[in-house]
Amino acid sequence: MRPVHIMLAVLVAAVWGVNFVVIDVGLGHFPPLLFSALRFLVAALPAVFFVGRPKVAWKWIVAVGLVLGVAKFGLLFIGMSQGMPAGLSSLVLQVQAVFTAVVAMTVLGEHLGRVRLLGMAVALVGIVVAGVDEGSGGPLLGFCLTVGAAACWGVSNVLTRRAAPPDALNFMVWVSVVPVLPLLALSLLFEGPSRDAEALAGFDWGGAGALVYVAWISTVFGFGAWGMLLRRYPASSVAPFSLLVPVFGMSSAAVLLGESVTPLRWCAAALLVAGVALTSLSRPQRPSTEVPGAGVRGGSRVARTRRAGSTAGA
């Protein structure tokens with residue numbers, strides 16, 4: 001990779017890592033479901049008018065929008081609102097690589113080799129260690145919700161592989177349109193109209209800054225730049241930079257939010273990063289048959305998106 005693109009990959013990882021701190025700040029201004037809905041609204045508008053028509057079937061956009069936007073981010077934001085630390089969230093969420101591998105094995109017929117199985121085992125040990133650390137002095141419910149968010153992310157990764165979008169930015173902007181109304185409805189149902197109205201009435205520069213960051217910088221810029229790198233270089237060259245996300249997440253949370261990082265948490269971090277690296281960067285063994293319903297061009301795009309793997313943003 002060219003030095004300028006290496007710096008861009010590190011910048012995207014830093015943006016995604018710091019994003020967890022910004023989410024924590026935003027949750028001080030908005031209820032979690034409302035904040036998630038506003039995040040996707042701001043990410044979709046006005047970008048949807050400039051990225052062109054969707055380049056994949058609507059069924060994939062709706063499916064990824066519901067699983068990624070509503071389920072994954074809904075669970076993550078609620079978990080963090082329940083006290084899940086920003087730094088630990090950035091770490092635990094990376095177990096999505098394990099869920100992605102399991103779902104891909106079930107749905108896409110990918111066979112897990114020994115290296116990937118070892119990576120999954122190491123990552124799961126890291127989750128157990130992180131759970132022990134969090135359970136001894138923190139909200140276990142928030143931890144479990146974050147693990148659930150990682151599972152939903154794994155499902156959305158496999159759906160994205162099946163969709164095989166040729167333009168990551170176009171796909172992400174259109175996906176951002178889908179969760180807005182469902183999240184708003186859930187917010188009105190569970191968080192209440194009065195709480196939502198109070199949050200919107202107290203809208204200030206801090207809330208606006210958090211929304212701009214999570215929507216335009218983390219989502220539009222982050223996924224756009226990451227997609228550009230994946231189009232220019234092999235996924236094996238780009239994907240390792242995603243392992244920097246929890247490093248930036250934990251360090252920025254420690255510096256900006258004063259979160260403590262215990263020795264047990266560092267141990268969990270080392271295990272999770274090592275396990276995710278083994279799971280994500282080893283080549284899956286796939287059957288020789290094509291994905292059902294994929295033609296020659298579609299099959300090649302599916303293969304290319306599979307090689308691209310999952311992104312690590314939040």
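Every heavy atom of this structure was used, including side-chain atoms; hydrogens, water molecules and symmetry mates were not.
Judged by distance alone, with hydrogens and angles left aside, the side-chain atoms of Ser218 form no donor-acceptor pair with the main-chain N or O of Val15 at under 3.5 Å. Within the 3.5 Å criterion, the main-chain N or O of Pro32 finds no donor-acceptor partner in the side chain of Ser36. At least one donor-acceptor pair closer than 3.5 Å links the side chain of Glu191 to the backbone N or O of Leu34. For Thr160 (side chain) and Ser156 (main-chain N/O), a donor-acceptor pair under 3.5 Å exists by modelled atom type. Not one N or O on the side chain of Thr219 forms a donor-acceptor pair closer than 3.5 Å with the backbone of Trp216. When atom types are taken as modelled, the side chain of Ser81 and the backbone of Ile78 share a donor-acceptor pair closer than 3.5 angstrom. The backbone N or O of Phe248 sits less than 3.5 Å from a side-chain atom of Ser251, completing a donor-acceptor pair. With Glu259 contributing its side chain and Gly87 its backbone, the two residues share a donor-acceptor pair below 3.5 Å.
Both Trp266 and Val92 are part of a single hydrophobic cluster, where members link through side-chain heavy atoms under 4.5 Å apart. Val25 and Phe40 are members of different hydrophobic clusters when ILVMFWY side chains are connected at heavy-atom separations under 4.5 Å. At a threshold of 4.5 Å between side-chain heavy atoms, the hydrophobic network of Ile, Leu, Val, Met, Phe, Trp and Tyr places Val212 and Val22 in one connected group. Following chains of ILVMFWY side-chain contacts shorter than 4.5 Å, one can reach Phe171 starting from Val51, so the two form part of one hydrophobic cluster. Grouping the Ile, Leu, Val, Met, Phe, Trp and Tyr side chains by contacts below 4.5 angstrom, directly or via other members, places Val175 with Leu66.
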- Task: Given side-chain contact (heavy atoms from CB on, under 4.5 Å), test Lys72 with Val155 step by step and report yes or no.
- Result: CA-CA 10 Å; Lys72 182 252 184 174; Val155 174; over 6 Å; no
- Query: Taking it one step at a time, do Val245 and Phe20 satisfy side-chain contact (heavy atoms from CB on, under 4.5 Å)?
  - Reply: CA-CA 10 Å; Val245 172; Phe20 289 89; 4.3 Å; yes
- Query: Is there a side-chain contact (heavy atoms from CB on, under 4.5 Å) between Asp24 and Met80 once you walk through the steps?
  - Reply: CA-CA 7 Å; Asp24 188 82; Met80 292 184 65; 4.2 Å; yes
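Taking each heavy atom of Ala210 and Gly26 in turn, the nearest pair found is CB-CA, 3.8 Å.
To the nearest 0.5 Å, atoms OH (Tyr213) and CZ (Arg39) are separated by 11.0 Å. Between atom CE of residue Met228 and atom OH of residue Tyr233 there is a gap of 8.0 Å, rounded to the nearest 0.5 Å.
Scored by the side chain to side chain contact (heavy atoms under 4.5 Å, CB included) test, Val255 finds no partners at all (sequence neighbours excluded).
Val180 pairs in a side chain to side chain contact (heavy atoms under 4.5 Å, CB included) with only one of the listed residues (Leu38, Val70, Leu41), which is Leu41. When each of Phe30, Phe203, Phe73 is checked for a ring-ring contact (aromatic ring centres under 6.0 Å, His included) with Phe35, only Phe30 meets the rule.
Ring orientation note: the planes of Trp58 and Trp174 are nearly perpendicular, at an angle over 60° on the 30°/60° scale.
Taking the side chain as every heavy atom from C-beta outward, Thr146 and Leu76 approach each other to under 4.5 Å.
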